[in-house]
Amino acid sequence: MEIRSIAVDLARVRGRSSAATGTWSPDGASPFGPGIVRAGPIEVRVDSVALGSGVRHDLVLRCPEGPGCREVALDRVRLQLRSRPSRVLEHGWQSWSSVSRRDVDRVAPTRRIAPTWVRSIYHAAPELAGRAVVGDQFLLASDGCGPRGTEGGIAGFLDGRRHLSSVVASRRGVVALALLDGISLAPGEEWALDPLWLAEGDPGPLYSEYLDHWAVVADARASGPSPLGWGSWYHYFWKVAPADVRANLAVAGRHGFELFQLDDGYQRAVGDWLDPNPRFAPRHVPELAAEISGAGMQPGIWTAPFLASPKSKLARDHPEWLAGRKPMSGASGTHSTRSCRAMWNPRAWKGWALTLDTTHPGLLDHLRHTFAALVADGWTYHKIDFCYAAAVRATRAGDGRVTRAQALRAGLDAVRDGIGDASVLVGCGMPLGQAVGVVDIMRVSADTAPSWRPGPVRLPGYPDLAPSAIAALQASVLRAPMHRRLWVNDPDCLLLREDHTRLSDDQRRILVAANIGTGAFTMVSDDLTTYGTAQWELLDRLRSLHPVADVPLDMAEPFATAPAITGGTGTRLEVDWAGGPPRPPDAGARGARPAPPPDEGRPASFLGGGRPGTGPWARWWGPAGPPDA
Ligand code: 9PG
């Protein structure tokens, strides 16, 4: 992986396109050491230094001074790379986005039918959806990166605080994009991109190494807690009521739960987090926090800090805190009077939720106060959801000065200021790059469900991301190396119930093995009053194995049909969520090895379900340790 050329695209200013694009080629220049090059009206300084198995490139943009030099608005920087992979890891920008191994021409064209607001949920650059295979923030490649063409590689930005980024793969090659959202540079002004790391070799070890470098640069919070918890969403959904919560609380308190989290459904309107709806009025919410602590557990609560319902008090009292809808291209660039819609949720929220403008100082103050008030009520564990909303394309007060990434990060910093350093922060629906260093725990998948396959399509163009066990499992496995490097991975809840479920016993066993094998962050979201001996014994078992399972994880062969995830404590998960009859190894199945039967290897701690060749299966071995029951 090397940079072949650098181009800077200028943004349209007041409807006029200033499409001046300059290209620089480092051909003949040394790949190391500083070089100043000209790309159109912009100077780019490139500093490249060896870092581990690859090279770190720091780029600084500068608007030159002198006669004829003007302020310029920047759309994006395009870095054309010298590689041509055939198979890569598609990887979207946020928790729920698609994570899948793909040939570079499998572009999922049906995503183009999705409206812009839907594509904006899943991609940093929604205009590429259905047109290219993209790794947002980083792209892992199985091949096509080294001199022989067989080497894999990785191109990944080592931070996301400055800008969003997308690495685009196609038959023509790979282009890394720094998305600059129209920020302007005055003559003499400089602007640094987030550093880019390029490496070639075995994709599995490079994936772990990239995450290690990213964690250092972005100052990750990776040593946070991983409590055994309960959450209300996947059984009670938006109809949750205080009596349900209390019935579960009584049971959880007797079974060693450490965390008890109230999800969506207590608030009067999205945005009004301190106002309960009639079911929870007037004082159930703070009283529940006190009862949860009284039962010896940490009180957790769900919010969506960057959204507001048009019916909320927040939106009515402070229309100036709403982000505006981005005018269609070609229209005049004046501030739109219509609000930017981030999510249509007719069932839970009875309609649209709007985007809040986290570049507005008044909103940031409001967020600090709201979250400090929740902590004062006793809530010290915060699942913040739909966070992508702060970084969708919209018009904001800080336009021209602040990228979408910086807008999101400002919102996250305000939430962290409000809850303080000691509270636990969980990201959900969260762009990964901006959250490193702020969140302790990160949802790394789309929503799970008590059914193996996705049900009816929720959002057009993305049938694979509708809630299902397989959607949550696939992303959690393919993102397992992030665990304890960037944060604690949340693979979404385990649903162990035997009623109100379409999961078979075998499918539940696969999910249990995958939970422990991807870091063992365990939340259940069932009616605990229905649990019997089988569920309680299983949870005891998971807890006893937690210390060996909750460690940084590696995936030697991310492109194998049945990838294996290993921990330094001697744990090993092998999992094939697609399953099916054995196939001859193909290019995408390098190194796939059949799993030994469960009674071989290390029988001391084994969890698993399914059988190779018959459908989905998973097996997890712990080191010889706690004996099997
Ligand atoms: C609460 C839920 C739960 C869940 C979160 C998140 O695209 N959608 O319509 C969509 C709706 C809900 C959703 C994800 C996507 O779930 O992941 O755990 O907290 O919100 O509303």
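Every number for a ligand or one of its atoms is a count from 1 in the order of the listing. It should be emphasised that the depicted structure is a prediction, and the values quoted were computed from it without experimental measurement.
Legend: residues meeting ring-ring contact (aromatic ring centres under 6.0 Å, His included) with Trp379, ordered by chain and number and at least two apart, are absent. In this structure Arg283 satisfies the salt bridge (Lys or Arg N to Asp or Glu O under 4.0 Å) test with no other residue, sequence neighbours excluded.
Remark: ligand 1 atoms within the under-4.0 Å shell around heavy atoms of Phe386 are 6 (C), 11 (C), 12 (C), 13 (C), 20 (O). In the vicinity of Lys383, heavy-atom distances shorter than 4.0 Å reach the ligand 1 atoms 3 (C), 4 (C), 18 (O), 19 (O). For ligand 1 and Met343, the ligand atoms under 4.0 Å from any heavy atom of the residue are 7 (O), 8 (N), 9 (O). Heavy-atom proximity to Cys428, at under 4.0 Å, picks out these atoms of ligand 1: 5 (C), 17 (O). Numbered from 1 in the order shown, with element, the atoms of ligand 1 that lie under 4.0 Å from a heavy atom of Leu459 read 7 (O). Interface of Asp263 with ligand 1, defined as ligand atoms under 4.0 Å from a residue heavy atom, comprises 1 (C), 3 (C), 19 (O). The Tyr234 neighbourhood of ligand 1 comprises atoms 4 (C), 18 (O), with distances under 4.0 Å to a heavy atom of that residue. In summary, the atoms of ligand 1 found under 4.0 Å from a heavy atom of Arg443, numbered by their order in the structure, are 17 (O), 18 (O).
Nearest protein heavy-atom neighbour of atom 21 (O) of ligand 1: Asp264 OD2, 2.8 Å. The closest protein non-hydrogen atom to atom 20 (O) of ligand 1 is Asp385 OD2, 2.9 Å. Nearest non-hydrogen protein atom to atom 2 (C) of ligand 1 is Trp233 CE2, 3.6 Å.
Side-chain contact check for Asp263 and Gln261: at least one donor-acceptor pair (N or O, by modelled atom type) lies under 3.5 Å. In the model, His284 has a side-chain atom that pairs as donor or acceptor with a side-chain atom of Arg246 under 3.5 Å.
Using the six-membered ring where Trp is involved, Tyr266 and Phe280 have ring planes that are perpendicular, over 60° apart on the 30 and 60° scheme. Between Trp352 and Trp117, the angle of the ring planes goes over 60°, which puts this pair in the perpendicular group of the 30/60° scheme. Ring geometry for Tyr388 versus Phe386: interplanar angle of 30 to 60°, hence tilted.
In terms of polar-atom proximity, defined here as any N/O pair under 3.5 Å, Asp492 makes no such contact with ligand 1. Any N or O atom pair closer than 3.5 Å counts here, and Trp96 shares at least one such pair with ligand 1. The shortest N or O to N or O distance between Asp447 and ligand 1 is below 3.5 Å. Not a single N or O atom of Trp349, backbone or side chain, sits closer than 3.5 Å to an N or O atom of ligand 1.
You'll find the ring centres of Tyr462 and His123 inside the 6.0 Å limit.
Surrounding CZ of Arg112 are more than 12 heavy atoms belonging to other residues, nucleotides or ligands, all under 6.0 Å away.
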Verdict with supporting geometry, Phe138 and Tyr207, ring pair (Phe, Tyr, Trp, His ring centres under 6.0 Å): CA-CA 10 Å; Phe138 69 90; Tyr207 191 6; 5.7 Å; yes
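Residue Trp238 places every heavy atom at 4.0 Å or more from ligand 1. Within the 4.0 Å heavy-atom shell around ligand 1 one does not find Trp344.
The pair Arg509-Asp506 meets the salt-bridge criterion, with a side-chain N (NZ, NE, NH1 or NH2) lying under 4.0 Å from an Asp/Glu carboxylate O.
If you look at Ile121 next to ligand 1, there are no close heavy atoms at all, none under 4.0 Å.
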